[in-house]
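Got a structure for you, questions after.
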Amino acid sequence: MTEINMEKSYDHLQTESDWYQKWEASGLFTPECNATGIPFSIILPPPNVTGSLHIGHALTLSLPDIIMRRKKMQGFNVLWLPGVDHAGIATQMMVEKNLKKERQLSKEDLGREKFLELVWQWKDVSEKKIVAQIKKLGLALDWSRMKFTLSDDMQGVVRRVFVKLYREGKIYQGTYMVNRCPSCKTVLSDLEVEHKEVQGRLTYIRYPLQQDPRKYIVVATTRPETMLGDVAVAVNPKDARYKKLIGQEVLLPLTGRTIPILGDDDVDKKFGSGAVKITPAHDPLDFKIALKHNLEKIVVIDELARMTGPIPEKYSRMDRFACRQEILNDLRALNLIEKEEEYFHNIGHCQRCETMVEPNISRQWFLKTAELAQPAIRAVLEKQVVFLPEKWEKVYFNWMENIQDWCISRQLWWGHRIPAYYCQDCQEVLVAEDTPGQCSRCASTRIVQDNDVLDTWFSSALWPFTTLGWQNDSPDFKTFYPTSIMATAFDIIFFWVARMIMMGIHCTGAVPFREVLINGLIRDEKGQKMSKTKNNTIDPLDLIREYGADALRFTLAIQAAPGMDISLSVNRIKGYKTFANKIWNASRYVIMNLQGDEDLQIDVQKISDADRWILQLLNATIEKVNMFFDDYHMYEAADLIYHFIWDEYCDWYLEFSKSDLESPHTRSVLKLTLFRILQLLHPFMPFISEEIYQKIKTEKDFLLQTEFPAFSKNFVFPETFAAIEVLKKVVAETRKTRTENRIEPNKKIVIYLKCDSAEEKEQMVKHLKYFNFLSRSQHTEIVDDLSVVAKGFRGVSQNWEILLPFADDQDRLRELQRLNGEHGKLDKLISQMESKLSGSGFVDKAPAEIILNFKKNLQEYIEK
RNA sequence: GGGCGGUUAGCUCAGCUGGUAGAGCAUCGGUUUUACACGCCGGGUGUCAGAGGUUCAAGCCCUCUACCGCCCACCA
């Protein structure tokens with residue numbers, strides 16, 4: 001035994017604090033463009049610069065890391081490129097809030113420039129934090145290439161793409177109905193609006209007819225306050241009730257205005273009263289109808305959701321909801337309310353702050369997406385981009401085929417400022433990468449830049465090629481684009497994945513990535529969605545501290561069936577921490593017994609049968625692991641590795657090896673198998689595998705530099721393998737027989753075995769030392785007839801019968817009872833199987849192999 | 001209103017192209033054997049949501065139903 005310096009229990013804190021820095025410092029994660037090996041690249045989905053690592057990141061980041069590490073070990077030229085996102089609204093709000101709290105100032109008090117300076121400072125601090133957190137996960141990221149979505153370089157590309165799209169007519173400015181969040185004080189794209197069902201009230205209001213004010217037409221609305229901006233009442237032209245009223249006018253209550261009644265097919269006869277008030281400035285449908293009929297658009301609600309415009313003074317500047325009450329009161333006083341109904345409907349809410357959004361007409365920048373979508377749809381149809389699991393393709397197609405133009409301007413300060421400039425003298429709009437010195441039309445120098453910035457997702461859409469340096473035609477871009485994989489959660493397929501595909505194809509002519517791995521959501525252990533309000537969130541950093549990044553990574557990997565949600569339980573993670581400890585101790589045993597004369601080139605002629613058995617099993621495991629990896633079924637690979645290590649390597653092989661430790665050949669196999677295990681494990685558990693590797697390493701400095709295991713045709717020993725498998729079963733049956741009959745676990749006893757197969761007997765004789773050790777046998781005899789040797793407890797396994805002689809009469813009694821019990825069970829099973837075999841169809845139609853198997857089992861049961 | 005998932009052991013989930021149900025945790029019994037008590041040995045546990053169909057054979061394929069969840073959608 002060698003003196004080694006390995007504690008009895010594994011300390012993840014120590015191991016995990018050491019290695020990352022060493023890996024990074026050695027340049028292990030930094031590829032060269034001209035290196036050998038097929039390029040394989042993944043761009044990290046950039047986390048918010050002000051965010052903090054959450055459990056969803058842990059999953060989305062671990063899975064590609066597992067893929068990357070194996071690819072790297074397989075000799076691919078691997079790039080795993082990190083970055084962080086400026087996250088427009090989120091970051092700006094955070095800094096604003098802080099400014100308010102600490103200095104009681106608003107961003108307007110500071111002014112744009114000063115405020116942005118503050119955000120940059122905040123960003124620098126915050127970035128360090130999130131980067132440190134990411135590193136804790138052990139990701140093999142190339143930090144030398146790290147990018148930030150709002151760096152000078154990125155600002156340049158974004159401007160360039162904007163100008164390009166503008167010149168192509170794909171970006172345009174226009175006045176349309178958009179969603180505005182009065183709390184975030186900016187417009188939003190459709191995707192940033194979440195529809196939630198709320199209880200509302202449908203109010204039926206009487207609008208008196210001008211011709212005869214005693215008569216009226218009733219309109220139904222959920223938003224009475226918008227009536228101040230009504231410009232018409234619309235009915236379905238086929239509606240018999242109202243047909244004759246078309247062309248007449250009504251007196252719009254509370255305003256003194258007169259508005260027409262018109263007919264439009266978009267009005268649903270069956271809903272409400274069948275008559276709709278038309279408020280073009282504050283409702284999307286009304287806006288559409290107004291366009292058709294060329295109606296005026298009267299804005300009565302401002303950007304902060306207060307009443308405004310040409311309305312009675314008493315309502316002016318009121319909040320929209322307060323005004324609603326006031327209007328209802330006033331209408332009631334005039335007896336103009338016919339009735340009110342409780343009504344549940346879906347209302348758009350701001351995704352970020354949950355405020356009800358206000359549909360609002362305003363002049364914004366849009367990206368025409370219909371044309372961009374076509375090649376992006378084709379790319380997926382043609383499998384240039386593959387979704388995994390495939391079902392997400394449908395979701396993607398459905399959205400892409402119904403895509404609406406994308407509102408890309410935001411009324412924020414933190415972000416990519418829109419490169420559009422306005423001439424103060426002739427109102428000319430100039431769009432250019434660099435600030436124009438003078439107006440191209442009137443030569444005026446009085447030029448101001450558009451105040452708005454771009455939706456954060458605009459720069460994100462360009463991320464795969466801008467990070468690689470498309471703008472400079474860089475070697476990285478040439479080498480690593482298109483990237484290999486994009487790993488992400490399904491909730492950003494529209495926000496990000498779809499847009500990356502559109503922009504990637506449009507700008508570079510090639511898809512941004514080949515495969516999209518969509519992972520599920522992480523839920524709590526009861527399967528509930530994690531949320532701060534439910535207080536069931538799990539902080540990955542706590543988990544890492546307590547159980548280790550390796551255990552966390554392994555848990556996520558083994559649970560991540562493609563696309564399925566994961567219910568994360570602390571117990572499970574605890575289990576894999578235990579697994580790490582098991583690996584540690586197995587290694588400890590191996591390393592303890594190494595003597596320095598081991599050779600990783602195994603001489604298969606000289607090794608033991610147990611050695612052959614484990615090498616064959618290892619070989620098969622390696623083959624399957626590689627298959628699973630190639631299908632992105634890392635969860636199955638992880639499961640296989642787990643069981644190989646625990647159930648086969650530790651439970652059986654290490655025990656077998658105790659009988660052969662004096663052989664340098666067995667010690668070589670011990671060392672080789674441990675090495676292979678560490679390699680297989682490395683993508684999943686990089687830290688512990690590295691730590692142990694360092695104790696047995698040969699040539700390469702780090703495990704990541706070694707070659708990932710591949711199937712070897714030298715390690716195929718089917719006969720020996722089968723013999724050891726039989727041995728295992730006989731040992732298991734012997735142990736079971738001992739336990740069932742309460743033979744003291746440690747007591748060494750005499751055991752008799754019987755088998756009719758000469759071949760198997762021969763094998764067993766060879767393996768008796770293993771049998772004796774594992775069965776706690778003092779002496780084992782293989783005999784031809786058990787009935788003549790002694791009375792004892794019986795066991796049957798495969799072709800083998802086992803006899804453990806009774807020590808006394810009590811033993812005998814116990815055995816009798818047990819046999820009676822078992823008899824009943826077997827009878828039932830046998831009759832079941834026999835009836836099946838005698839049934840008509842089974843024997844005729846089922847494949848021969850299956851019938852044989854069946855008969856064999858039946859035979860076994862009968863014999864018992 | 002469309003579309004998509006899920007329903008398997010006490011809990012959380014696997015189950016690949018149909019061949020007689022598995023894992024982790026929990027639980028029960030035994031065990032401090034010289035890598036590991038974060039261990040070792042052994043045990044119990046299921047009308048695979050319900051109904052019908054295809055098949056020699058269905059957790060797996062088809063149809064319907066129920067419950068749970070998600071996504072998309074401008075009915076005021």
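Below, chain A is the first sequence line, B the second, and so on; all start at residue 1. If you're wondering where the values come from, they're calculated on a predicted model, not measured in any experiment.
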Requested in this report: With C1' as the reference atom in both, quote the distance from B:rG15 to B:rC48 in angstrom, rounded to an integer.
Outcome: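 Here B:rG15 and B:rC48 have their C1' atoms 11 Å from each other.
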Query raised in the report: Is the A:Trp406 to A:Phe366 ring centre distance short of 6.0 Å?
Result: no
Report task. With the side chain of A:Thr578 defined as its heavy atoms from C-beta on, choose the nearest nucleotide among B:rA35, B:rC38, B:rA76. Result ->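 Closest of the options to the side chain of A:Thr578: B:rC38.
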Report task. Pick base, sugar-phosphate or nothing for A:Asn571, based on heavy-atom distances below 4.0 Å to the nucleic acid. Result ->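 Answer is sugar-phosphate: A:Asn571 comes under 4.0 Å of backbone atoms only.
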Query raised in the report: On a whole-Å scale, what distance lies between the P atoms belonging to B:rC25 and B:rC64?
Result: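 Between the two P atoms, the distance is 41 Å.
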Query raised in the report: Reckon A:Phe494 touches a base, only the sugar-phosphate, or nothing at all at heavy-atom distances under 4.0 Å?
Result: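 Answer is sugar-phosphate: A:Phe494 comes under 4.0 Å of backbone atoms only.
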Requested in this report: Send over the distance from A:Lys574 NZ to B:rA26 C1', rounded to a whole Å.
Outcome: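 Computing the A:Lys574:NZ to B:rA26:C1' distance gives 11 Å.
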Query raised in the report: Is there a Watson-Crick or G-U wobble partner for B:rC61 with both distances under 3.5 Å, and which nucleotide is it?
Result: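 Pairing partner, where one exists within any strand: B:rG53.
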Query raised in the report: Can you find a pair of side-chain heavy atoms, one from A:Asp230 and one from A:Asp286, that are under 4.5 Å apart?
Result: no
Query - Pairwise P distance, B:rC74 and B:rA14 [rounded to whole Å] - result: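 To the nearest whole Å, 33 Å.
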Requested in this report: Between B:rC41, B:rG24, B:rC74, spot the one nearest the side chain of A:Arg735, thanks.
Outcome: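 Of B:rC41, B:rG24, B:rC74, B:rC41 is nearest to the side chain of A:Arg735.
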Query raised in the report: CD of A:Glu648 versus C1' of B:rA23: gap in Å, rounded?
Result: 15 Å
Query raised in the report: Are A:Asp660 and A:Arg667 close enough for a salt bridge, meaning some N to O gap below 4.0 Å?
Result: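 Salt bridge between A:Asp660 and A:Arg667, a charged N being under 4.0 Å from a carboxylate O: no.
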Requested in this report: Evaluate whether atom CD of A:Glu7 has more than 12 neighbouring non-hydrogen atoms of other residues, nucleotides or ligands under 6.0 angstrom away.
Outcome: no
Requested in this report: Could you tell me if the ring centre of A:Tyr642 sits under 6.0 Å from that of A:Tyr576?
Outcome: yes
**Report entry** B:rC16 - base-pair partner by Watson-Crick or wobble geometry, distances under 3.5 Å
**Finding:** none
Requested in this report: Could you give the distance separating B:rA51 and B:rU7 at their C1' atoms, to the nearest angstrom?
Outcome: 15 Å
Report task. Could you measure between the two C1' atoms, the one in B:rG46 and the one in B:rG10, and give it in whole Å? Result -> 11 Å
Requested in this report: Name the nucleic acid region contacted by A:Val276, choosing base, sugar-phosphate or nothing; use a 4.0 angstrom heavy-atom cut-off, strictly under.
Outcome: base
Query raised in the report: What nucleic acid atoms does A:Tyr343 come within less than 4.0 Å of, heavy atoms only: base, sugar-phosphate, or nothing?
Result: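 Touches sugar-phosphate only.
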**Report entry** Proximal nucleotide (of B:rC36, B:rU12, B:rA76) relative to the A:Arg572 side chain
**Finding:** B:rU12
Query raised in the report: Taking OP1 and OP2 of B:rC36, is either one under 4.0 Å from a side-chain nitrogen or oxygen of A:Lys8?
Result: yes
Query - Euclidean distance, atom CD of residue A:Gln559 to atom C1' of B:rA14 [Å, nearest integer] - result: 10 Å
Report task. Return the nearest nucleotide to the side chain of A:His643; candidates are B:rG24, B:rC70, B:rC38. Result ->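 Of the candidates, B:rG24 comes closest.
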**Report entry** Between B:rG24 and B:rC41 - P atom distance, rounded Å
**Finding:** 12 Å
**Report entry** Nearest-nucleotide 5' precedence on RNA chain B, A:Trp646 against A:Asp266
**Finding:** A:Trp646
Requested in this report: Taking atom P in both B:rG19 and B:rA57, compute the distance separating them and give it to the nearest angstrom.
Outcome: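 It comes out at 14 Å once rounded to the nearest Å.
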Query - Closest-nucleotide ordering on RNA chain B, the 5'-leading residue of A:Trp584 and A:Tyr10 - result: A:Trp584
Query raised in the report: Donor-acceptor pair under 3.5 Å: do we get one between A:Lys582's side chain and the base of B:rC38?
Result: no
**Report entry** Candidate nucleotides B:rG42, B:rA35, B:rG24, ranked by approach to the side chain of A:Leu654 - the nearest
**Finding:**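 The listed nucleotide nearest to A:Leu654's side chain is B:rA35.
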Query raised in the report: What does A:Glu655 touch in the nucleic acid at a heavy-atom separation under 4.0 angstrom: a base, only the sugar-phosphate, or nothing?
Result: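 Base: the residue A:Glu655, judged by heavy atoms under 4.0 Å, touches a nucleobase.
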Query raised in the report: A:Lys391 side chain: which of B:rC25, B:rG5, B:rA35 is closest?
Result: B:rG5
Query - Side chain of A:Ala586 - closest among B:rA35, B:rG42, B:rC74 - result: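 Nearest to the side chain of A:Ala586 among the choices is B:rA35.
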Requested in this report: Looking at every strand, decide which applies to A:Asp651 at a 4.0 Å heavy-atom threshold: base, sugar-phosphate, or nothing.
Outcome: sugar-phosphate
Query raised in the report: Using the benzene-type ring in the case of Trp, are the ring centres of A:Phe494 and A:Phe397 under 6.0 Å apart?
Result: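 They do not qualify: ring centres at least 6.0 Å apart.
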Report task. Would you classify A:Phe287 as touching base, sugar-phosphate or nothing, given that sugar-phosphate means primed atoms plus P, OP1 and OP2, and contacts are heavy atoms under 4.0 Å? Result ->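 A:Phe287: no heavy atom of the nucleic acid under 4.0 Å.
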Query raised in the report: With both distances under 3.5 angstrom, what nucleotide forms a Watson-Crick or G-U wobble pair with B:rA9?
Result: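 B:rA9 is unpaired by these criteria.
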Report task. Would you check if A:Phe495 and A:Gln351 make a side-chain contact, meaning some heavy-atom pair closer than 4.5 Å? Result -> yes
Requested in this report: Once you apply the 3.5 Å cut-off to both distances, tell me the Watson-Crick or G-U wobble partner of B:rC40, or none.
Outcome: B:rG30
Requested in this report: Mind checking A:His633 for me? I need base, sugar-phosphate or nothing, with any heavy atom below 4.0 Å counting as a touch.
Outcome: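 Result for A:His633 = nothing.
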**Report entry** Between B:rG24 (P) and A:Leu568 (CG): distance, integer Å
**Finding:** 17 Å
Query raised in the report: How many Å lie between CG on A:Asn398 and P on B:rC4, as a whole number?
Result: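 These atoms are roughly 10 Å apart.
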Query raised in the report: A:Trp652 has an atom CH2; how far is it from atom P of B:rA35, in whole Å?
Result: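 Taking CH2 of A:Trp652 and P of B:rA35, I get 17 Å after rounding.
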Query raised in the report: Considering only side-chain heavy atoms of A:Lys736, which listed nucleotide, B:rG42, B:rC74, B:rG24, is closest?
Result: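 My answer, after comparing the listed nucleotides, is B:rG42.
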Requested in this report: Would you mind classifying the nucleic acid contact of A:Phe579 as base, sugar-phosphate or nothing, using non-hydrogen atoms under 4.0 angstrom?
Outcome: nothing
Query raised in the report: What is the distance from CG of A:Asn402 to C1' of B:rG3, rounded to the nearest Å?
Result: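 My rounded result for the distance is 12 Å.
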Query raised in the report: What do you reckon, is CD of A:Glu341 surrounded by more than 12 foreign heavy atoms closer than 6.0 Å?
Result: yes
Query - Spacing between A:Glu390 atom CD and B:rC4 atom P, to the nearest angstrom - result: 14 Å
Query - Proximity to the side chain of A:Arg776 - top-ranked nucleotide from B:rU33, B:rC74, B:rC72 - result: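 The answer is B:rU33.
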Report summary line: Re B:rC4: Watson-Crick or G-U wobble partner, both distances kept under 3.5 Å, found to be B:rG69
Query raised in the report: Is the distance between the ring centroids of A:Phe387 and A:Trp392 under 6.0 Å?
Result: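 Ring-ring flag for A:Phe387/A:Trp392: false, centres at least 6.0 Å apart.
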Report task. Kindly say if A:Tyr635 contacts the phosphate of B:rG15, meaning a side-chain N or O under 4.0 Å from OP1 or OP2. Result -> yes
Query raised in the report: If the C1' atom of B:rG44 is compared with that of B:rU33, how far apart are they to the nearest Å?
Result: 26 Å
Query raised in the report: In terms of side-chain heavy atoms of A:Ser9, which of B:rA76, B:rG42, B:rC38 is nearest?
Result: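 The nucleotide sitting nearest to the side chain is B:rC38.
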